[in-house]
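Here the structure comes first, spelled out in structure tokens, and everything after it is commentary.
Chain identifiers are assigned alphabetically (A, B, ...) following the order of the sequence lines, protein sequences preceding nucleic acid strands; residue numbering begins at 1 within each chain. Nothing here was measured: the structure is a model prediction, and the numbers come from that model.
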Protein chains: 2
Amino acid sequence: MDAEERKIPSHEVTYARLRDMILYGHLAPGAPVTIQGLIADLGAGMTPVREAIRRLTAEGALLPQGNRRVAVPQLSSEMLDQVAFARLAIEPKLAELAGGRLTPAQIDRLEAIDGKVNRAIEAGCLSDYLAANHAFHFALYKAAEAPVLLDLARSLWLRAGPSLRAVIARYGRETAPDLHREALAAMRSGDAKALAGAIERDIQQGVDHVRQSLAESS
Amino acid sequence: MDAEERKIPSHEVTYARLRDMILYGHLAPGAPVTIQGLIADLGAGMTPVREAIRRLTAEGALLPQGNRRVAVPQLSSEMLDQVAFARLAIEPKLAELAGGRLTPAQIDRLEAIDGKVNRAIEAGCLSDYLAANHAFHFALYKAAEAPVLLDLARSLWLRAGPSLRAVIARYGRETAPDLHREALAAMRSGDAKALAGAIERDIQQGVDHVRQSLAESS
DNA sequence: TGCTGGATAATTTGATCAAATTTCTTGAAC
DNA sequence: GTTCAAGAAATTTGATCAAATTATCCAGCA
């Protein structure tokens, strides 16, 4: 397994690891992210860590504090509104574009991923759920072949990531309508518009969850 | 003037310089951006240059080629469509948000900046025009107090930047309706919706220009 | 056309310097 | 005598640079 990693630069690996920590809510909002701390935790050199932090700062996943430190941002209500607006503007479009290009094999793959999502919900494993949900959305979005919009979506998910941690408390989302299933049905029938609509409602649902969690914790 | 710069970290200065080079079309699309080259050109150290490149890569202003080099991206027609879609989704919203918060003093400032835009057009100085046009839009967007959307807009302008160079060829845009003036009128009357509409048409006009330029040069 | 060696550039590490935060001490006031 | 606060020392952390390593590119040759 070392033979593969040897080809990937260390700063890419470090970036991916830090990104996933943020994306899956392993870092608390407001927690300081220090270079030295990551060197110790990830066992990486200084330069790779610096670059990972810079990249994620540029993507909005980390917030520079006035002094020259960075921290995990705490999403305020206003920022959540902005993220929600942008996600609702970008991601349904990605879904619509993807809708016209999906092959049956890709739909099968998405259905398999959605199975993982449901299993994670049943097992009550939030970490798995967040990873599988992310995989589902981005496997779909990647099919749109729209790299610019894909990058924007990635940035927006990163901004929302740390706050998903707050959802841990109110983790009873099985009652909500399963919009992934609706999306899959739209894919099978080749209805790109319906697919976009399902994704739009899925996003809205997720944002409402986070908004309620933030309201409760404040 | 050195007393002020001494407080700003070198990697910030390097980032700003490289960003402006991209933003104002000083770098040709497809041109390779090397670390060593920037060390020589900007007279900066290696670490600041690396970080500037990473940041701009994360923002989509530079594109990593499979080998470990980066280059200024050439906007394809598909990518331009994506940038246009995202800009039209985000920036009118920023204008609308700003519309409700603009003070008369801020509007005066915007009018002054627009004067610079017009003077640059009359003088036929593209570089000044691009800088002033950028300043006009972002002075307005900053008033929206929506940092997330502002970051997205910045990223989108960076992606479009290098291709504005192509507009040099067909630099006769005085004939187009002056949408900045319309926008200023909407600001004065406090009509946020009209302001958003003016900005939307301004973006559309700019995108059409770039699209035609790309079509001609291909 | 395919391969090999030199040149070039990117990656990574470690060392050094500068800034910021924390802690400790000292002095004064209550 | 105790407590609070201001200031200084020490520690932690970030910024920058230079050298060593490694991967990639390119030219010459079989």
Side-chain angles (χ1 to χ4, degrees), chain A residues 1-19 21-22 26-74, chain B residues 1-22 27-74:
Chain A
M1 70 180 201
D2 201 38
E4 298 162 11
E5 287 179 14
R6 201 170 302 161
K7 291 219 158 189
I8 302 174
S10 166
H11 66 262
E12 290 283 353
V13 177
T14 306
Y15 164 78
R17 291 225 275 164
L18 183 53
R19 182 201 55 199
M21 286 170 68
I22 296 169
H26 292 180
L27 265 49
V33 175
T34 71
I35 293 177
Q36 313 275 349
L38 288 177
I39 289 173
D41 292 350
L42 302 180
M46 179 178 299
T47 306
V49 168
R50 283 185 72 85
E51 298 191 3
I53 289 178
R54 288 272 177 271
R55 271 177 80 174
L56 287 162
T57 305
E59 290 172 330
L62 294 173
L63 206 61
Q65 324 235 265
N67 42 5
R68 41 189 187 174
R69 315 256 167 117
V70 297
V72 181
Q74 330 207 27
Chain B
M1 68 179 199
D2 199 39
E4 298 162 11
E5 286 180 15
R6 202 170 303 161
K7 292 218 160 190
I8 303 174
S10 166
H11 67 262
E12 290 284 351
V13 177
T14 306
Y15 165 79
R17 291 225 275 165
L18 183 52
R19 182 202 56 197
D20 287 351
M21 285 169 68
I22 296 170
L27 264 47
V33 174
T34 69
I35 293 176
Q36 308 286 342
L38 288 177
I39 289 173
D41 292 351
L42 301 181
M46 178 178 298
T47 307
V49 168
R50 283 186 71 86
E51 299 192 3
I53 290 177
R54 289 274 177 268
R55 266 177 84 172
L56 287 162
T57 305
E59 290 173 332
L62 295 172
L63 205 60
Q65 325 241 272
N67 41 2
R68 41 193 187 173
R69 317 250 166 121
V70 297
V72 181
Q74 330 207 27

**Request:** Measure the distance from CZ on A:Arg69 to P on C:dA19 and round it to the nearest whole Å.
**Result:** 14 Å

**Message:** In this structure, how many angstroms lie between the P atom of D:dA15 and the CD1 atom of A:Ile39, rounded?
**Reply:** 12 Å

**Request:** Select one nucleotide: of D:dT16, C:dT12, D:dT13, the one nearest the side-chain heavy atoms of B:His11.
**Result:** D:dT16

**Prompt:** Atom CD1 of A:Ile35 to atom P of C:dA18: distance rounded to whole Å?
**Reply:** 18 Å

**Message:** Need one value for B:Thr47: base, sugar-phosphate or nothing, where a base atom within 4.0 Å counts as base even if backbone is also close, heavy atoms only.
**Reply:** base

**Prompt:** Whole-Å distance between C:dT13 P and A:Gln36 CD?
**Reply:** 14 Å

**Item:** d(CE, B:Met46; C1', C:dA9) in whole Å
**Value:** 9 Å

**Item:** d(CG, A:Leu42; P, C:dT12) in whole Å
**Value:** 14 Å

**Item:** Interatomic distance, B:Arg50 CZ vs D:dA15 C1' [rounded to whole Å]
**Value:** 15 Å

**No-hydrogen, no-angle side-chain donor-acceptor test under 3.5 Å, A:Arg55 and A:His11** = no

**Closest non-hydrogen atom pair between A:Ile39 and A:Gly45, with its separation** = CG1-O, 4.0 Å

**Request:** Could you check how far CZ of A:Arg54 sits from C1' of D:dG14, rounded to whole Å?
**Result:** 9 Å

**Request:** Examine D:dT24: is either OP1 or OP2 under 4.0 Å from a nitrogen or oxygen in the side chain of B:Arg68? Give yes or no.
**Result:** no

